Amino acid sequence: MRAQPFLISLCALVLTACSSTQSVDHKIDPPLCQLTCSSNFAAFPYIQLKENETINLDIDGKSPVGQFTAGNSHFGAFRLNERSAESQVTISGLMINDSVFAPEVHILTPDFQVAETFTLDQFDILPSDAFTRTRFVLRTNVDVAKTPYFIVYTDASRLGEHIQVEHPARRRAKEFGEVMPMVTDPRYIHQPTGKIEIQIKSLKLQSMNALGTTLHNSQQGSTSPLVTVLPETKQYFFSAIQQAVANDDLDSAMALVAEASALNIPEARDVFIDAVRSTTLQ
């Protein structure tokens, strides 16, 4: 009879352990607008990509905020290299500790219209191994002339949701027919910030004749589309540069100047200089 209290206690512990793995999703608010918060994709700051490269980018509180269909989101915006005719683009949202920035993607035309959208349901889950973390991953081929831009953001309506993935030790045990280890499958909460990875591989390069005309597509008169810089875009960069200087974050300010120059906004340099002078005089 003495064993009965022990069994009761053991059952209680088991039930407690089981219930602790079933935490209820909690609501997480999307980020608030910063200096500007636009749904005009032409006004977004775009990172120029090389023909072949891998970028690991922290999406954090300093990342720009845009307005998307489901609500506000921090984002990373990218421009493919104009020397590429076709690029393979791989986008990953890394699952780190107990959180993940669950990515979604807009592919944009030269005039910043959405040509295609990839939602989270179209991403695969790649389990971790000795060299990589568990991640959401999407791989797609892009016609650079037709769709040179893309934006990575997250669905604000899913913030606070969780995903549970198989523990690497359990997966390995299944693969090798070993005894299943007593481990808990990790859970990852959808967060407004996190880390993404962008991999670019050029599959075809643009070919041109001596007159500078693209040969692979006779309808394209040039390898780089003419982009009209909207007033909202200029104001975004000017305000962001001034704020970065005011925060004594000169690295960010100079990076913004470089991005603005790539978009043919030469006035950004003067705004930076004036902001530095004003700070020095204070």
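Just so it is clear, the model here is predicted, and its values are computed rather than measured. We use all heavy atoms of the structure for the numbers below, so side chains are in, but hydrogens, waters and symmetry mates are not.
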Practice task
Could you tell me whether R158 and D121 make a salt bridge, using a distance below 4.0 angstrom between a side-chain N and a carboxylate O?
Solution key: yes
Exercise for the section: Walk me through it: do F101 and Y188 pass the test ring-ring contact (aromatic ring centres under 6.0 Å, His included)? Expected result: CA-CA 10 Å; F101 182 85; Y188 300 94; over 10 Å; no
Practice task
Heavy atoms only: give me the nearest A156-A70 pair and the separation to one decimal.
Solution key: CB-O, 3.5 Å
Handout entry: T117 vs I107 side-chain heavy atoms within contact, under 4.5 Å
Key = no
Completion exercise
Rounded to the nearest 0.5 Å, the OG atom of S87 sits from the NZ atom of K50 at a distance of 14.5 Å
Exercise for the section: Give, for atom CG of N81 and atom CD1 of I200, the distance between the pair rounded to the nearest 0.5 Å. Expected result: 10.0 Å
Exercise for the section: State whether a side-chain donor-acceptor pair under 3.5 Å links N97 with S99. Expected result: no
Handout entry: Validation row: I241, L256 side chains within 4.5 angstrom (heavy atoms)
Key = yes
Problem - Same cluster (ILVMFWY, side-chain, under 4.5 Å), I55 and F118 - result: yes
Practice task
Classify the angle between the aromatic ring planes of F68 and F44 as parallel (below 30°), tilted (30 to 60°) or perpendicular (above 60°).
Solution key: perpendicular
Handout entry: hydrophobic_cluster_shared for I47 and M254, side chain cutoff 4.5 Å
Key = no
Handout entry: Closest heavy-atom pair and its distance - K201, N52
Key = CA-OD1, 3.2 Å
Handout entry: Residue pair K234, E267: steps toward the side chain to side chain contact (heavy atoms under 4.5 Å, CB included) verdict
Key = CA-CA 9 Å; K234 290 185 177 182; E267 303 95 330; 3.4 Å; yes
Practice task
Kindly indicate whether the side chain of I91, heavy atoms from C-beta on, has any atom under 4.5 Å from the side chain of V89.
Solution key: yes
Handout entry: Exercise: identify the closest heavy-atom pair between A42 and T233
Key = O-OG1, 2.9 Å
Practice task
Say whether, by atom type as modelled, one donor and one acceptor occur between the side chain of T132 and the main chain of S128 under 3.5 angstrom.
Solution key: no
Handout entry: CD on Q191 to CD1 on I96, rounded to 0.5 Å
Key = 12.0 Å
Exercise for the section: Could you grab the distance from atom CD of Q206 to atom CD of E82, nearest 0.5 Å is fine? Expected result: 8.5 Å
Practice task
Would you check if the distance from the ring center of Y153 to the ring center of H74 is below 6.0 Å?
Solution key: no
Problem - hydrophobic_cluster_shared for I59 and Y46, side chain cutoff 4.5 Å - result: no
Practice task
Return the minimal non-hydrogen interatomic distance between C33 and Q67, and the atom names on each side.
Solution key: SG-NE2, 4.2 Å
Exercise for the section: Kindly determine whether E86 and D143 satisfy side chain to side chain contact (heavy atoms under 4.5 Å, CB included), including the steps that lead there. Expected result: CA-CA 5 Å; E86 183 179 2; D143 185 324; 5.9 Å; no
Practice task
Measure up the F136 and F123 rings against each other and bin them: parallel (under 30°), tilted (30 to 60°), perpendicular (over 60°).
Solution key: perpendicular
Exercise for the section: Determine whether the side chains of Q235 and S239 contain a donor N or O and an acceptor N or O closer than 3.5 Å. Expected result: yes
Exercise for the section: Evaluate the criterion side chain to side chain contact (heavy atoms under 4.5 Å, CB included) for residue pair S92 and Q199; output intermediate values, then yes/no. Expected result: CA-CA 9 Å; S92 301; Q199 293 180 313; 5.6 Å; no
Practice task
Please name the pair of heavy atoms, one in Q122 and one in L138, separated by the smallest distance, quoted to 0.1 Å.
Solution key: O-CD1, 3.7 Å
Practice task
State whether the side chain of D60 and the backbone N or O of S63 hold a donor-acceptor pair below 3.5 Å, judged by distance alone.
Solution key: yes
Exercise for the section: Please round to the nearest 0.5 Å and tell me the distance separating atom CG of D124 and atom CZ of R135. Expected result: 12.5 Å
Exercise for the section: Kindly determine whether T193 and D58 satisfy side chain to side chain contact (heavy atoms under 4.5 Å, CB included), including the steps that lead there. Expected result: CA-CA 8 Å; T193 58; D58 287 322; over 6 Å; no
Handout entry: Aromatic ring proximity Y149/F78, centre distance under 6.0 Å
Key = no
Problem - Close aromatic pair by centroid cut-off 6.0 Å: F150 and F75 - result: no
Problem - Side chain proximity check, E51 to L205, heavy atoms < 4.5 angstrom - result: yes
Practice task
Determine whether L203 and L80 fall in the same hydrophobic cluster, where Ile, Leu, Val, Met, Phe, Trp and Tyr are linked whenever their side-chain heavy atoms lie under 4.5 Å apart.
Solution key: no
Practice task
Would you check if L108 and Q113 make a side-chain contact, meaning some heavy-atom pair closer than 4.5 Å?
Solution key: no
Handout entry: Sub-4.5 Å side-chain heavy-atom contact between I28 and P192
Key = yes
Practice task
Enter the distance from L57:CG to K195:NZ here, rounded to the nearest 0.5 Å.
Solution key: 8.0 Å
Practice task
Taking S73 for its side chain and T154 for its backbone only, find out whether a donor-acceptor pair lies under 3.5 Å.
Solution key: yes
Practice task
Using a 4.5 Å cut-off on heavy atoms from C-beta on, say whether the side chain of L159 contacts that of D29.
Solution key: no
Exercise for the section: Using distance alone, with no hydrogens and no angle criterion, decide if T90 and R139 have a side-chain donor and acceptor under 3.5 Å apart. Expected result: yes
Practice task
Measure from the side-chain N and O atoms of N72 to the backbone N and O of P31, and report whether any donor-acceptor pair falls under 3.5 Å.
Solution key: yes
Practice task
Tell me whether V100 is reachable from V137 by hopping between hydrophobic residues (I, L, V, M, F, W, Y) whose side-chain heavy atoms are closer than 4.5 Å.
Solution key: no
Problem - Any side-chain heavy-atom pair of V165 and P186 under 4.5 Å - result: yes
Problem - Contact summary for P110 and A145, nearest pair of heavy atoms - result: CG-O, 3.5 Å
